[in-house]
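Heads up, the thing below is written out as structure tokens.
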Amino acid sequence: MSIDIKFPDGAVRQFDKGVTGLAIAEGISKGLAKKAVAVKVNGAEWDLTRPIEEDAAFEIITRDTPAGLDILRHDAAHVLAQAVQELFPGTQVTFGPVTEDGFYYDFARDEPFSTGDFEKIEKRMREIVDADLPIIRQVWNKEDAIAHFKSIGEIYKAETIDEVIKPGEPITIYSHGDKWGDLCRGPHLPSTGRLGKGFKLMKLAGAYWRGDQKNQQLQRIYGTAWSDEKQLAEYLQRVEEAEKRDHRKLGRAMDLFHMQEEGRGMVFWHEKGLTLWRTIEAYVRRRLDAAGYVEVRTPQVLDRVFWEKSGHWDKYRPNMFVCETVEGEELSLKPMNCPGHVQIFKFGQKSYRDLPLRMAEFGACHRYEPSGSLHGLMRVRAFTQDDAHIFCREDQIESETTAFIKLAKSIHSDFGLTTDHIALATRPEVRAGSDEFWDKAEAQMLAAARAAGVEPVIAEGDGAFYAPKLDFVIKDAIGRMWTCGTIQLDYVLPDRLDAEYVGEDGQKHRPVMLHRAILGSLERFIGILIENCAGAFPMWLAPVQVVVATITSDAEAYAHEAAAELRKAGLRVHVDAANEKINYKVREHSLAKIPVIAVVGRNEAADRKLALRRLGGDAQQVVTLEEAKALLASEALAPDQR
RNA sequence: GCCGCCAUAGCUCAGCUGGUAGAGCACCUGAUUUGUAAUCAGGGGGUCGGGGGUUCGAGUCCCUCUGGCGGCACCA
């Protein structure tokens, strides 16, 4: 009996019934068979060794493709689990999926693992790979499988099967070694030897069973796995490069900011960091002015009663910074700006002619974030949002949202960040409002995004509890994604705080609120910027734009004069008249990522010129002081001023 | 908050099995006046994160607290 196998290029060839993917691959070429990790049979991923019994569309999955890598990584997780169970008897396996660049496996064990165990575990993993154990696929029925896993003390596995698998549905178990086996959809490699050597254990972490804080905490071992050792080395290199960009490291080295233990999650901005901040804030303010926003400022601390009315006290009290006065009042630092903005909206009577009212604030907020979540500038307890609330009529939601999307994309791109995609976060499990409301609100956000020329990626269940939102996901210079910028629809707060306007009909109406931010928090955004440019800020953002460096002390007076002239042109300039060689100064300021070094020696001082050297190049440009002023001032203009 | 790891000079780090602290950079002083990625010499600087314990003796071992790091959970 023969069957027809159809290849991706359309060719059809006959094979004996029961032929395996591996046999077909070997028939094509030795190299291909070696690189193969699994096959696709009629669109489904199958093991290389599984017999094909009927006509099928056929495709070989190789280890250097994303799908192939995932299979490889899954095998690595299984090999890890086997190694751990052999070395640490009594450890239970739970769950071991593939991640973006590797895999992890969650184990239940009373004794803690330590990273010191990694060497031993990796060694055992290599032994398992070298032993080239066949990986066997077995089909079980649910009840037998549960009984089996219970009998060997794997209660987490038994529980998973019980809940995930429908009664009567067959399940597959993959095993290698004498007795090691795991519930798995597959496919897997034919044998452990094919995993190769491109893997490494990376880190150890606690993780809750099923991701729920109420459950037992398991021990998670993370690893990375690649198709070969070269790719692994390249990955480790990339990780190292990313670490060099760490904003916490650069922030200290560049004297931008610091944090200390008496103020966890609070930032001490140094002069250079604050210069960066002011430059960003001034730029955004200009963009908002141009886009028809008004700017306000609301109180930092307000009475408990106020937060009760807004609903925050009920829901977010544990995360609020609350203080009590000697007179017994209970006050809270503002965790958000929106209730304050509603108060300004409500001051006096608003007409439909006032809408849309776009109310912006660089609002400093405080939130008591869990200690374990704090992370440099990325997650802090005191932060400033580039916040704004657009009060509008329902029929203005779409056009306001569309205009906002365009503004946000333009601002992100001015900072050198590209929009990867926009996510539409839809109704969460726990939510306020009827299904009709959510249908309408989600449709409005979708239509607005499309009107701005973007097709959002749906983020199922990620919406706020009161309404859907659009989140901007941007991509930095080394391909990392950041959620940065958001617009959220809100019908609830205007209602709670009783905001209203007089319509054309003379009646009172509820406005709708759009919460929106483009940078998110200034702190976090600056962190992202630092990592994006690895500290080498573009000229318009650089805290110090020009260093005037002298060659001999004869030129010192002229250096100060030149610096003063450049400052008159609006540039941020330092003078380096230290008793050092010019080589030393060039090196030092290059490492400090100063965009322009203006060298002055006897010649420049005599001719009233500057020898300019740009960061990243070694070419010199000798120009007159007047030329330098005009040239550098124009280079230092913000993108919206060019 | 939970789990694991870590904490030595301003920074980066060394200090083996317990025997009273060391390097490079930075800083200060002096010499040098220099032409595009590190001039030379000298000097100051640490109650080894805090507290407790074991020991004749603790940077080193144990307990505990604080903080940092990596995850998990959380993120209006």
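Protein chains get the first letters and strands the later ones, always in sequence-line order, with residue 1 at the start of each. The model shown is predicted, which means the values in this text are computed figures rather than measured ones.
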Item checked: Bracket notation of RNA chain B in which parentheses pair within the strand, [ ] cross earlier pairs, and | pairs with another strand (Watson-Crick or G-U, under 3.5 Å) -> (((((((..((((.....[..)))).(((((.......))))).....(((((..]....))))))))))))....

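- Within residues 545-553 of chain A, the residues approached by RNA chain B to less than 4.0 Å at the level of any non-hydrogen atom are A:I551, A:T552, A:S553, in residue-number order.
- With both ends at atom P, the span from B:C28 to B:A21 equals 28 Å, rounded to whole Å.
- Aromatic ring centres of A:H270 and A:F257: separated by at least 6.0 Å.
- For the P atoms, the distance linking B:C6 with B:U64 amounts to 15 Å, nearest Å.
- A:Q385 comes within 4.0 angstrom of nothing in the nucleic acid, heavy atoms only.
- Across all strands shown, A:G211 has heavy atoms under 4.0 Å from sugar-phosphate atoms exclusively, and none from any base.
- Under the salt bridge (charged side-chain N to carboxylate O under 4.0 Å, His left out) criterion, no residue pair touches residues 252-261 of chain A, with sequence neighbours excluded.
- The stretch residues 596-605 of chain A participates, sequence neighbours left out, in these side-chain hydrogen bond (donor to acceptor under 3.5 Å, both in side chains) pairs: A:D554-A:R602.
- Note on A:A253: nothing from the nucleic acid sits closer than 4.0 angstrom, heavy atoms only.
- When the P atom is compared between B:G4 and B:C62, the two are found 15 Å apart, to the nearest whole Å.
- A:D212 comes within 4.0 angstrom of no nucleic acid atom, judged by non-hydrogen atoms across all strands.
- Two rings, from A:F199 and A:Y235, have their centers 6.0 Å or more apart.
- Nucleotides B:C63 and B:G22 are separated by 30 Å at their C1' atoms, to the nearest Å.
- Annotation: cation-pi geometry not satisfied between A:R304 and A:W307 (NZ/CZ under 6.0 angstrom from ring centroid, within 45° of ring axis).
- Going from the P atom of B:G43 to that of B:A23 covers 11 Å, rounded to whole Å.
- Residue-level contact check: A:L204 touches the bases, meaning some heavy atom is under 4.0 Å from a base atom.
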Next item on the list: Can you check each nucleotide of nucleotides 42-47 of chain B against protein heavy atoms at under 4.0 Å and return B for base, S for sugar-phosphate only, - for none, in 5' to 3' order?
Entry: ------

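- At a non-hydrogen distance threshold of 4.0 Å, A:E261, A:R264 from residues 261-271 of chain A come into contact with RNA chain B.
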